[in-house]
Amino acid sequence: MMAWRAATRLVNRTLLELAVGVRGGSSRGTRRSYRIRASWTAGALGSGRAAFLLGLPVLSALGYQAFRKVQSSAVVFALDKEEVLEQADYLYGSAETEKLYQLLLQYKDSDDAEFLWRLARASRDLSMLPDTDGGRKKQLVFEAFEYAKRALERDDKCFAAHKWYAICLSDTGEFEGVKVKIGNSFIIREHLERAIELNPKDATSLHILGYWCFAFAELPWYQRKVAAVIFSTPPTSTFEEALEFFLKAEKVDPNFYSKNLLMLGKTYMAMKDKEKALLWLTKAKEYPAHTLEDKEVHKEAVELLNQL
């Protein structure tokens, strides 16, 4: 038990579709694993897809007994809250989505926000698996939102509850139409800002909000006009505002995520600052490609560098 507890202590442009999961890099002083899964998908007012990472720290090491305990069964059973959360975070870091969901589903009636926001995250991750059919995906998306909503109701001082509420609310927009999506964008930003207020050191929340700003800053004028017809005052932002959040994320956790480096380069390109765009795009290109998304970032960075 002591070994277990000592093992470790402890993320569309106009119409955003957030999602969470891929592995990232390190933090200053201590190497840490990150898993982030996210995609912003253009909705009815836009086209195409842009994937990006959020960053959620996970358990990077477990004691041998803890590791064996997690690996020994498809669904991990624990004796107390602390053990359950440690096992849940380990499974999340290991991309054991189904096992994680089944573990946390045992606590779906809990009044503890720590269980509920993790269950929201697990539900949405399950909805994103390639073999999840459309009906099951929709069920999981709304299930995830309900868990996130309950987490927020139980503890509105929990930064992760605000972050996952924003992410899960964005996911529901895929099924609710354009007007709802645009209206939700305001709410999404409010909860991201609250998450950052509660935890200014969470690089992933900063990155997501930076991408939110970037998406609306680069929205073409004709899409703005369409949005204005549907919603009298659609969300707006600037590249300067997006840059501020991307830089803050990098300052909080340098080199934590290849996508943040890429977005810094793209933002400086949009601002016509070629020298700084070259700097950050080069960093994105040279980032170790541990994941498929890192490889995609590398490819896009090379293409943009060739344009410059």
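Numbering of residues begins at 1 and proceeds along the displayed sequence. Quick caveat, the model's predicted, so the values are computed rather than measured.
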Below 4.0 angstrom, N of the basic side chain to O of the carboxylate: do K299 and E296 qualify?
no
Cluster check Y92, L140: I/L/V/M/F/W/Y, side chain < 4.5 angstrom:
yes
Under a 4.5 Å cut-off applied to non-hydrogen side-chain atoms, are N255 and Y287 in contact?
yes
Rounded to the nearest 0.5 Å, what separation is found between the CZ atom of F175 and the NZ atom of K181?
9.5 Å
If the condition is salt bridge (charged side-chain N to carboxylate O under 4.0 Å, His left out), which residues does E300 pass it with, not counting sequence neighbours?
K266
Ionic contact status for R118 with E114, cut-off 4.0 Å
yes
With a 4.5 Å cut-off on side-chain heavy-atom distances among I, L, V, M, F, W and Y, is there a chain of contacts connecting F216 to L206?
yes
Donor-acceptor pair, E86 side chain versus E83 backbone, under 3.5 Å?
no
Given side chain to side chain contact (heavy atoms under 4.5 Å, CB included), test Y107 with D112 step by step and report yes or no.
CA-CA 9 Å; Y107 304 92; D112 193 317; over 6 Å; no
Please give me the minimum heavy-atom distance between D294 and P288, naming the atom from each residue.
OD2-O, 3.5 Å
Sequence neighbours excluded, which residues qualify as side chain to side chain donor-acceptor pair (under 3.5 Å) partners of R189?
E193, E241
Here the pair of heavy atoms bringing F115 nearest to V84 is CE2-CG1, 3.4 Å
Flag yes if F145 and I187 sit in one hydrophobic cluster, no otherwise; membership is Ile, Leu, Val, Met, Phe, Trp, Tyr, and two members link when side-chain heavy atoms are under 4.5 Å apart.
yes
Going by an N to O cut-off under 4.0 Å, is there a salt bridge joining K137 and D171?
no
For the residue pair T267 and F239, establish whether any side-chain heavy-atom pair is separated by less than 4.5 Å.
yes
Measuring from atom NZ of K295 to atom OG of S258, what distance do you get when rounded to the nearest 0.5 angstrom?
12.5 Å
In the structure I gave you, are the side-chain heavy atoms of E250 and L261 within less than 4.5 Å of one another anywhere?
yes
Looking only at non-hydrogen atoms, find the nearest pair between A249 and A203 and report the distance.
CB-O, 3.6 Å
Here the gap from I208 atom CD1 to L192 atom CG, rounded to the nearest 0.5 Å, amounts to 5.5 Å
Identify the heavy atoms of A88 and L100 that sit nearest to each other, and give their distance.
O-CD1, 3.3 Å
Let's go through R150 and E153 carefully: what are the C-alpha distance in whole Å and the side-chain angles of both, what is the deciding distance for salt bridge (charged side-chain N to carboxylate O under 4.0 Å, His left out) to 0.1 Å, and is it a yes or a no?
CA-CA 5 Å; R150 284 176 50 207; E153 290 170 350; 5.9 Å; no
Donor-acceptor pairs under 3.5 Å, side chain of residues 270-285 to any protein atom, not counting sequence neighbours: which ones?
from	atom 1	to	atom 2	distance (Å)
D273	OD1	K276	N	3.2
K274	NZ	L308	O	3.1
T282	OG1	L278	O	2.6

Please identify each residue that fulfils side chain to side chain donor-acceptor pair (under 3.5 Å) with E240, with sequence neighbours left out.
none
Hey, can you tell me if F246 and Y211 have their rings parallel, tilted or perpendicular (30° and 60° cut-offs)?
perpendicular
Under the salt bridge (charged side-chain N to carboxylate O under 4.0 Å, His left out) test, residues paired with E143 that sit two or more places apart
none
Residues T97 and D125: side-chain donor-acceptor under 3.5 angstrom:
no
Single-linkage hydrophobic cluster F245~M269, side-chain heavy atoms < 4.5 angstrom:
no
Output, in order, the C-alpha distance, side-chain angles, deciding distance and verdict of salt bridge (charged side-chain N to carboxylate O under 4.0 Å, His left out) for D253 and K248.
CA-CA 9 Å; D253 201 346; K248 283 182 178 179; over 6 Å; no
Remaining members of the apolar cluster that contains V302, side-chain heavy atoms under 4.5 Å
none
Ignoring hydrogens and angles, state whether a donor on the side chain of E98 or Q102 is under 3.5 Å from an acceptor on the partner side chain.
yes
If you look at every heavy atom in G210 and A242, which pair is closest and at what distance?
O-CB, 3.4 Å
So which atom in D155 and which in A113 form the shortest heavy-atom distance, rounded to 0.1 Å?
CB-CB, 3.7 Å
I'd like to know if the side chain of S94 reaches the main chain of E96, judged simply by a donor and an acceptor atom lying under 3.5 Å from each other, with no hydrogens or angles considered.
no
Would you kindly confirm whether F214 and L243 end up in one hydrophobic cluster when ILVMFWY residues are joined by side chain heavy atoms under 4.5 Å apart?
yes
With sequence neighbours left out, what residues match D156 under side chain to side chain donor-acceptor pair (under 3.5 Å)?
none
Close side-chain approach of F256 to N260, heavy-atom, < 4.5 Å
yes
Could you pull out all donor-acceptor pairs under 3.5 Å where a side-chain atom in residues 126-135 meets a protein atom, sequence neighbours excluded?
from	atom 1	to	atom 2	distance (Å)
S127	OG	R124	O	2.6
T132	OG1	L126	O	2.8
T132	OG1	L129	O	3.3
D133	OD1	G135	N	3.1
D133	OD1	R136	N	2.8

Residue list, salt bridge (charged side-chain N to carboxylate O under 4.0 Å, His left out) with E286, at least two apart or on another chain:
none
Min side-chain heavy-atom separation C168-V141 under 4.5 Å
no
Got a sec, which residues hit ring pair (Phe, Tyr, Trp, His ring centres under 6.0 Å) with Y147, two or more places apart in sequence or on another chain?
none
Are E146 and K149 packed together at the side-chain level, in the sense that at least one heavy-atom pair is separated by less than 4.5 angstrom?
yes
List for me each residue that meets ring pair (Phe, Tyr, Trp, His ring centres under 6.0 Å) alongside Y101, sequence neighbours excluded, and say none if there are none.
none
If you define the side chain from C-beta out and look only at heavy atoms, does anything of H298 sit under 4.5 Å from E293?
no
Within the structure provided, determine whether L152 and W117 are in side-chain contact (heavy-atom separation under 4.5 Å).
no
Residues forming a salt bridge (charged side-chain N to carboxylate O under 4.0 Å, His left out) with D111, sequence neighbours excluded:
R154
Value rounded to 0.5 Å, distance of CG in L169 from CD in E190
10.5 Å
Interatomic distance, NE2@H191 vs OG@S170, rounded to 0.5 Å, equals 12.5 Å
